[in-house]
Amino acid sequence: MLRVDRRCFHNFDWILFFLLIAVSIMALLNLYSASYPPITWGMPPYIKQCYLFLMGMVGILFVLSFDYKELHFWNYPFYALIIILLVLVLFAGNSAGGAQRWINLGFFKLQPSELAKLMLVVSLASYYSRKEAEGGYGLKEMVTPVLLTILPFLLILKQPDLGTALMLVIIFVSMTVFARLRIQAYLVGMALGGGAAVFAWFYLLKPYQKLRIETLLNPGKDPMGQGYQILQSKIAVGSGGNFGKGYLEGTQGHLHFLPERHTDFAFSVWGEEWGFFGTLFFLGIYFSMLLWGLYAAMTARDRFGVFLAFGVVMLIFWQAVINLLMILGFLPVVGIPLPLVSYGGSSLLTTLLALGILMNVRMRRFQTGLGADKVSKG
Amino acid sequence: MKWSGYKNLEEINEHDDAALDSLKRRLALAGVLILCFVSLIFARLWFLQIHKGEEYKNRADNNRVRMSDIVAPRGSILDRAGRELVTNRPSFNVVLVREDSNDVDNLLKKLSLVLDVDISLLWEKIREAGNRPRHIPIRLLEDVNWETLAYVENHNQEFPGIRIETIPARVYHYGDLAAHAIGYLGEISRKELESRDASIYQGGDLIGKMGLERLREKDLRGEKGTSYTEVNAMGFEQQLLKDVEPLPGNDIQLTLDAELQKVAEDLMASEEKAGAVVAMEVKTGRMLVLASNPVLPLKHFVGGISHANWNALLENKKHPLINKVVQAMYPPGSTYKMITAMAGLATGVVDRDTVLYCPGHYSFGNRRYHCWKRGGHGAVNLKRALSESCDVYFYQVGLRVGVDRLAEYANKFGLGHKSGIELEHEKKGIAPTKEWKKQKKGRKWQEGETLSTAIGQGFNLVTPLQICLMTATVANGGKQYLPQVIEKVTDPDGKVLAQFEPVVVDELKGEKKHLAEIRDGLVEVVQGKRGTARSVRIEGLTIGGKTGTAQVVRLSQYRHLKEEDIPYKYRDHAWFTCYAPAEDPEIAVTVLVEHGLHGGSVAGPVARAVLEKYFSERLLLAEEEAGKTNGE
């Protein structure tokens with residue numbers, strides 16, 4: 001049952017939409033180059049990504065069709081569904097490189113952990129917006145958000161997918177800090193977090209994960225292993241120089257020196273082929289989109305809208321920053337994609353749905369109370 | 001749950017505007033956070049792409065471009081007439097590229113059957129390569145024949161990682177001709193690699209190991225080319241980017257005459273003679289023949305000589321490894337009498353008409369010094385003394401001149417010092433003096449030793465080249481030329497880079513008359529009725545020469561034995577040195593036959609054959625003319 005206010009069309013955020021389209025077009029062009037020369041079997045990644053992008057557009061339309069505040073309600077079945085999928089993936093998932101992350105849906109492999117990020121944003125936004133606390137939240141109020149986070153966190157860590165699991169923690173911290181805690185809650189939280197980190201280093205992290213972090217601190221130590229990836233990525237980006245080697249002319253990517261060149265390291269290909277000014281142009285548009293998202297939060301009509309918009313921006317922002325810092329040799333290889341740019345259906349769909357929510361918040365910025373419903377009913 | 005259901009939603013819309021505003025203020029902080037990270041990322045991009053861009057560009061190129069050498073064709077070696085002695089041909093090597101083969105074990109098993117080589121040898125080659133990068137080919141078998149080549153090429157699917165490498169290899173058109181002078185190539189050794197320019201040589205390269213191939217390495221080697229290939233991260237070749245063609249080496253034309261050299265070598269070889277044959281142009285110093293027998297078997301050296309072959313060469317009592325032209329020293333024997341005669345005439349102790357009496361021996365101190373002719377020559381003048389090689393005559397001349405002045409003239413004729421010829425390990429020989437003996441032996445010179453010296457025995461030691469030089473100097477009237485082996489060096493376009501110029505090293509001035517008198521005696525050696533080398537005579541050609549016998553041991557126990565009963569290694573060496581035509585000498589030929597016993601009859605025929613070949617056209621012409629006059 002669609003209840004759409006006419007003002008919604010009027011208030012549709014064309015700026016955000018065009019920024020998204022611009023980023024997506026450049027990302028698809030880059031993906032074509034990153035998977036060039038074309039493989040002889042199967043569907044080339046850029047075609048797949050095109051289809052998924054169109055699917056995501058339909059998903060955005062769907063998200064726009066209802067008022068975002070209904071997510072207060074849909075949040076719960078959605079959360080339950082994701083948890084079920086995460087459990088399922090541990091038993092029936094497709095494994096690749098020693099990790100079980102996917103559920104094969106036939107036409108595409110779903111990675112529930114990607115959706116879990118968005119799920120956490122919505123759940124926390126719903127919780128914090130409903131519960132207001134004078135002078136910040138105390139420890140008692142933190143029990144629910146922590147539980148909401150820790151359940152999918154542990155399931156994803158079990159796969160194992162350290163990068164995505166850490167993303168959940170980052171989303172939790174961002175939104176919680178944004179919602180504000182009391183001082184003692186911060187202190188306890190930091191103590192617990194630090195303790196968990198130490199515990200994780202000694203008992204939870206796999207040797208290869210530790211190696212990645214060690215390699216970052218001393219990349220010369222292991223040039224053919226983890227350090228090799230970072231080094232080759234730095235060579236790719238650095239050799240782009242001022243204006244790059246030209247589209248489809250990058251050698252680091254096409255000669256396979258660059259690992260994972262259409263997934264995690266896709267932006268290295270862009271850097272190599274378009275150079276410093278090309279990366280400036282692309283990232284300029286990319287981060288304008290995120291800043292515009294913050295503006296959307298600023299203009300939201302209610303607390304839920306603010307939290308949702310903020311959460312979506314942080315979800316994309318942190319992934320982008322971590323991915324870029326990894327590509328540029330500042331962070332270990334943790335397997336975080338660059339949203340919209342890296343190949344990967346689940347990530348793309350999640351990102352587009354998240355942006356759909358952002359558009360929804362922005363579109364309904366002038367509606368107050370249940371006025372929208374009243375109008376549409378009337 | 002309290003929040004489910006539509007009704008409750010209304011409650012949350014009754015929000016607190018002040019709280020909402022403070023929340024929105026914090027959004028500005030989030031904006032600042034984003035801008036901070038964006039600045040950090042841009043700064044990093046600037047550092048990588050602008051500041052270090054050039055460096056990373058180079059690293060990206062080094063990543064993808066693999067350079068490999070293209071061997072340059074080595075320069076050819078020609079004889080004086082432009083005949084090709086040594087050139088190149090394509091040779092096909094079977095090489096293994098380890099990165100392209102995933103089952104080397106099986107591959108080698110199959111390959112060893114096809115190549116008919118023991119598998120352990122193939123493994124040995126791979127072991128030798130050690131931890132060289134896996135994309136660098138390892139030579140498994142060099143210079144395979146056509147059938148093997150065709151089989152491997154046709155069945156390349158069965159041999160992943162095996163390729164055929166084509167490189168230039170040496171072809172010796174005249175077999176082992178002048179092998180000692182020309183030398184051979186071999187794979188560069190670790191020691192050579194260390195001492196040479198790394199930009200020119202690499203492991204596996206061929207390099208001149210001996211002879212002119214070694215001495216003229218710089219001229220012959222040319223410049224390697226480079227092939228630039230793009231490779232991917234796995235090392236697989238993607239495409240050829242460009243080839244820089246190699247620059248072929250320079251050609252070297254020798255002064256040697258292949259035909260003459262062949263005559264000399266063949267004759268020596270056919271009679272299994274060990275020794276040396278040397279011929280030079282007396283008025284220029286061009287070397288025409290530089291033969292050392294037994295010859296060096298060059299084919300044993302291609303691709304590295306085996307232990308067994310090397311030991312066989314080492315243990316051969318005829319010493320094929322030594323270039324006897326310059327590296328072996330012998331007493332000059334009676335050939336030295338030219339010097340004694342020259343010293344006698346020049347110092348005036350005798351003249352051409354001085355007659356000395358030979359009773360078959362000469363008493364000096366309390367010893368008797370014998371003439372080779374026990375019965376004695378009777379009264380001899382210079383001409384007879386030379387032609388019949390009377391020892392007693394020269395004993396007396398030597399005594400009158402004194403050993404130091406003998407050495408002085410020996411030096412003038414090229415003995416006792418290196419000639420400077422462009423060959424390796426030249427020996428300087430010994431022209432003894434009183435001073436020399438004191439220094440080397442620590443004892444005073446005995447006058448009796450002057451007698452031995454005067455007839456070319458005693459401490460005297462010479463190389464065959466020196467005797468040839470001496471003969472040439474006598475023949476040309478006193479000029480000692482630098483013996484040279486290179487006629488010219490030309491670059492691949494035919495441009496002459498260096499050309500032969502005669503060089504006079506030393507000259508005996510004002511002695512033309514005396515030299516002519518000596519030459520009269522030398523002509524008599526060959527042409528005279530009682531000359532010691534009558535057998536060398538050639539109809540229509542006047543030859544001047546001198547025989548010589550170089551004592552190997554002075555053991556009296558062998559003196560009384562018949563010649564054939566003396567053990568080979570104790571037999572005397574045989575010399576014959578000559579020049580022709582006597583009227584206006586052009587060529588000097590020297591032959592030494594190790595343990596050959598008789599200069600005239602053993603060494604002489606070899607020299608004769610060389611002269612016949614050298615003058616063949618003129619002799620034929622003269623014969624025709626003679627025929628005509630007879631017919632009239």
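Lettering follows sequence order; numbering is per chain, from 1.
- Open room surrounds CD on E223(B); 12 or fewer heavy atoms of other groups in view lie less than 6.0 Å from it.
- No donor-acceptor pair under 3.5 Å is formed between the side chain of R59(B) and the backbone N or O of I235(A).
- At a 4.5 Å heavy-atom cutoff, the contact between A179(A) and chain B is made by backbone atoms alone.
- When the candidates A236(A), G240(A), A300(A) are compared by the number of heavy-atom contacts under 4.5 Å with chain B, A300(A) comes out ahead.
- Looking at W318(A), the atoms closer than 4.5 Å to chain B (heavy atoms on both sides) all sit in the side chain, from C-beta outward.
- Using a 4.5 Å cut-off between non-hydrogen atoms, no part of residues 106-115 of chain B approaches chain A.
- Heavy-atom minimum distance, L23(B) versus F307(A): CD2-CE1, 3.6 Å.
- Highest contact tally toward chain A, considering only E54(B), K57(B), R25(B), is held by K57(B) [criterion: heavy-atom pairs under 4.5 Å].
- Residues forming a ring pair (Phe, Tyr, Trp, His ring centres under 6.0 Å) with Y56(B) (at least two apart in sequence, or on another chain): none.
- Using a 4.5 Å cut-off between heavy atoms, T299(A) touches chain B through its backbone atoms (N, CA, C, O) alone.
- No more than 12 heavy atoms of other residues, nucleotides or ligands sit less than 6.0 Å from atom OH of Y295(A).
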Which atom pairs, donor and acceptor, lie under 3.5 Å between side-chain atoms of residues 31-38 of chain B and protein residues at least two apart or in another chain?
none

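- Evaluation of the ring pair (Phe, Tyr, Trp, His ring centres under 6.0 Å) rule for Y201(B) yields no partner, not counting sequence neighbours.
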